[in-house]
2 protein chains.
Amino acid sequence: MNASAAPDRHHEAGSDTRRALIAAAAREMHAHGFQAASLAGILADTGVTKGALYHHFPSKLDLGYAVFDEYYAPALRVNWIAPLQGDRGDALTTLISVISRVGEGMSEQDVALGCPVNNLAQEMSAVDAGFRARIEGLFDEWRRAIENGLDRLQRQGGLEAGVDTRSLAAFIVASLEGCLGMAKNAQRRDVMLECGKGLIAYLQSLRRREPAGVGDRHA
Amino acid sequence: MNASAAPDRHHEAGSDTRRALIAAAAREMHAHGFQAASLAGILADTGVTKGALYHHFPSKLDLGYAVFDEYYAPALRVNWIAPLQGDRGDALTTLISVISRVGEGMSEQDVALGCPVNNLAQEMSAVDAGFRARIEGLFDEWRRAIENGLDRLQRQGGLEAGVDTRSLAAFIVASLEGCLGMAKNAQRRDVMLECGKGLIAYLQSLRRREPAGVGDRHA
DNA sequence: GAAAACATACCAACCAGTATGTATGTTACG
DNA sequence: CGTAACATACATACTGGTTGGTATGTTTTC
């Protein structure tokens with residue numbers, strides 16, 4: 001409406017305290033889960049007082065939602081989903097390279113704390129519908145991005161025509177999170193890498209031998 | 001030493017109150033996780049008093065361990081591991097039938113609450129070493145059971161010689177738990193079945209085309 | 001001066017754990 | 001046989017600490 005620098009720099013949008021709270025809450029939730037995340041700990045980390053926190057967020061739950069919407073989800077989109085969408089090449093190759101790259105980029109501690117989104121999924125899906133719906137939406141985005149790539153590849157003849165790409169994409173997301181979960185339990189990065197190797201081997205096996213041209217169509 | 005009916009029916013072994021507490025704690029932990037499981041809730045469920053509980057278990061953590069050792073782990077062994085060990089036939093076929101059967105046998109609520117062992121793994125692996133070690137041991141048993149079956153199949157020529165059976169077995173366990181996790185988040189049984197379909201399709205694809213005899217050995 | 005952005009102090013509920021008491025055996029001994 | 005000593009299996013009441021949340025104040029900013 002007016003010509004100020006920011007449309008609304010006051011309450012809802014980009015306040016520094018708000019951002020600091022979300023960042024600290026993201027760390028706390030990643031380390032202890034949402035329910036065990038302590039407001040006292042978040043306040044101690046940031047130096048923010050309880051009054052300020054409850055000025056920005058009506059409840060702990062809303063803070064948790066903000067962490068998911070403004071922190072966890074964007075991070076997963078940037079690291080895992082966006083690379084799949086930009087690329088116009090071979091979907092399986094892209095997928096494999098994304099998995100390798102992100103895997104390599106994870107520290108021992110990243111592995112030990114697990115995927116924040118999946119942590120939240122396992123902890124909260126049966127407890128709170130707001131978290132559950134958010135997480136399902138994000139996993140759905142992810143699955144669709146993979147599915148689209150596989151569809152394209154299938155049209156180009158790089159994937160068997162009989163393959164159910166939707167079901168396959170869902171399985172890829174599931175097994176990826178499964179690998180991260182096993183590695184988190186083991187608290188060992190190499191478990192993730194080895195498990196990821198299994199996944200990559202599978203993805204390689206999906207590639208059709210005769211790539212293009214007049215090959216056999218029926219049986 | 002003496003000729004009484006039961007060797008030690010008193011403290012450590014099969015007391016009724018103890019069993020009731022473990023069963024109630026298993027339910028409470030399955031529904032809310034270990035940390036959020038309330039002793040008050042368990043006592044209300046059983047009618048047992050706090051004094052009785054702390055007579056049988058020195059702490060909440062020990063109760064949790066007992067639930068794992070005497071409830072969750074045996075259940076997973078019976079449903080998932082034992083069927084693999086008894087069978088002398090084709091390992092992939094056995095594996096697929098186990099997955100199908102257990103999947104079919106799960107109710108909508110079973111799916112919604114998730115695998116108790118994996119729930120515990122995700123919640124507690126970074127928090128408590130006692131749980132972590134127990135869970136890793138159990139997952140290891142499971143992986144080894146699958147690995148042994150795959151090894152046998154490989155020796156019989158039913159699986160490509162180049163396949164790393166250990167890595168593959170780890171990936172199978174991971175993706176299975178991944179499927180259960182996705183279905184838990186979706187709170188929908190059909191998600192598990194579809195995801196399981198993806199896993200089964202993968203397992204089918206592992207089977208070698210020319211089963212036995214003089215086929216090609218090199219390249 | 002008015003609203004936004006905090007700060008302080010407090011609260012009721014809940015938590016795991018404990019201290020203490022009691023009822024019911026079981027064993028030892030004379 | 002009788003009784004003292006001891007152990008098991010509970011029950012009741014309480015404690016210190018933490019939790020998320022609130023009521024009410026002060027400061028800052030436009």
Side-chain angles (χ1 to χ4, degrees), chain A residues 1-25 28-29 31-67 123-124 127-128 130-131, chain B residues 1-25 28-29 31-67 123-124 127-128 130-131:
Chain A
M1 265 43 167
N2 79 13
S4 175
D8 53 349
R9 201 226 174 279
H10 52 95
H11 188 65
E12 288 302 313
S15 146
D16 282 350
T17 2
R18 195 189 133 95
R19 250 193 301 272
L21 284 170
I22 289 181
E28 180 88 5
M29 285 167 60
H32 305 115
F34 172 76
Q35 300 182 96
S38 156
L39 295 187
I42 295 167
L43 299 178
D45 270 20
T46 52
V48 172
T49 60
K50 200 164 263 195
L53 191 155
Y54 276 91
H55 172 73
H56 287 284
F57 303 97
S59 73
K60 183 190 178 185
L61 194 61
D62 288 281
L63 172 59
Y65 290 165
V67 167
E123 180 191 1
M124 299 304 294
V127 173
D128 178 79
F131 270 121
Chain B
M1 267 37 172
N2 79 12
S4 175
D8 54 347
R9 199 225 175 280
H10 50 96
H11 187 64
E12 288 301 315
S15 145
D16 282 349
T17 357
R18 195 190 133 96
R19 249 193 302 272
L21 284 169
I22 289 181
E28 180 89 4
M29 286 167 59
H32 308 300
F34 173 75
Q35 299 182 97
S38 158
L39 295 187
I42 294 167
L43 299 178
D45 269 20
T46 52
V48 172
T49 61
K50 199 163 263 194
L53 191 155
Y54 276 92
H55 171 72
H56 288 283
F57 303 97
S59 72
K60 184 190 178 186
L61 195 60
D62 288 281
L63 172 59
Y65 290 165
V67 167
E123 181 192 1
M124 299 303 293
V127 173
D128 178 80
F131 271 122

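Below, chain A is the first sequence line, B the second, and so on; all start at residue 1. For clarity, every value in this text was computed on a predicted model and none was experimentally measured.
- Taking atom CD of residue A/Glu28 and atom P of nucleotide D/dG20, one finds them 9 Å apart after rounding to whole Å.
- Side chain B/Lys60 to base C/dG17: no donor-acceptor pair is found below 3.5 Å.
- Listed pair B/Thr17 / D/dA9 fails the phosphate criterion, with no side-chain N or O lying under 4.0 Å from OP1 or OP2.
- If you check the side chains of A/Gln35 and B/Gln35, you find no donor sitting under 3.5 Å from an acceptor.
- Distance, B/Tyr54 OH to D/dT15 C1': 13 Å, rounded to whole Å.
- Between the CG atom of B/Asp62 and the P atom of C/dG17 there is a distance of 9 Å, rounded to whole Å.
- For D/dT19, one of the phosphate oxygens OP1 or OP2 lies less than 4.0 angstrom from a side-chain nitrogen or oxygen of A/Ser38.
- Side chain B/Lys50 to base D/dA11: no donor-acceptor pair is found below 3.5 Å.
- Atom CD in A/Gln35 sits roughly 14 Å away from atom C1' in C/dC14 (whole-Å rounding).
- No donor-acceptor pair under 3.5 Å is formed between the side chain of B/Lys50 and the backbone N or O of B/Leu43.
- Note on A/His56: every side-chain N or O is 4.0 Å or more away from OP1 and OP2 of C/dA4.
- Between A/Leu39 and A/Gly51, the residue anchored nearer the 5' end of DNA chain D, judged by the nucleotide with its closest heavy atom, is A/Leu39.
- When the P atom of C/dC6 is taken as reference, atom CG of A/Leu43 falls 13 Å away, rounded to whole Å.
- The residue B/Ala37 sits close only to the backbone: its heavy atoms come under 4.0 Å of sugar-phosphate atoms, none of a base.
- Residues A/Ile42 and A/Leu63 meet the side-chain proximity criterion, which asks for heavy atoms closer than 4.5 Å.
- Distance CG (A/Asp128) to C1' (D/dG20): 15 Å, rounded to an integer number of Å.
- When the C1' atom of D/dG20 is taken as reference, atom CZ of A/Phe57 falls 15 Å away, rounded to whole Å.
- Side chain of B/Glu28 to backbone of B/Leu39: no donor-acceptor contact under 3.5 angstrom is found.
- As a whole-Å value, the separation of B/Ile42 CD1 from C/dA16 C1' is 11 Å.
- Side-chain atoms of A/Glu123 do not come within 3.5 Å of backbone N or O of B/Glu123 as any donor-acceptor pair.
- The shortest distance between the side-chain N/O atoms of A/His55 and the OP1/OP2 oxygens of C/dA7 is not below 4.0 Å.
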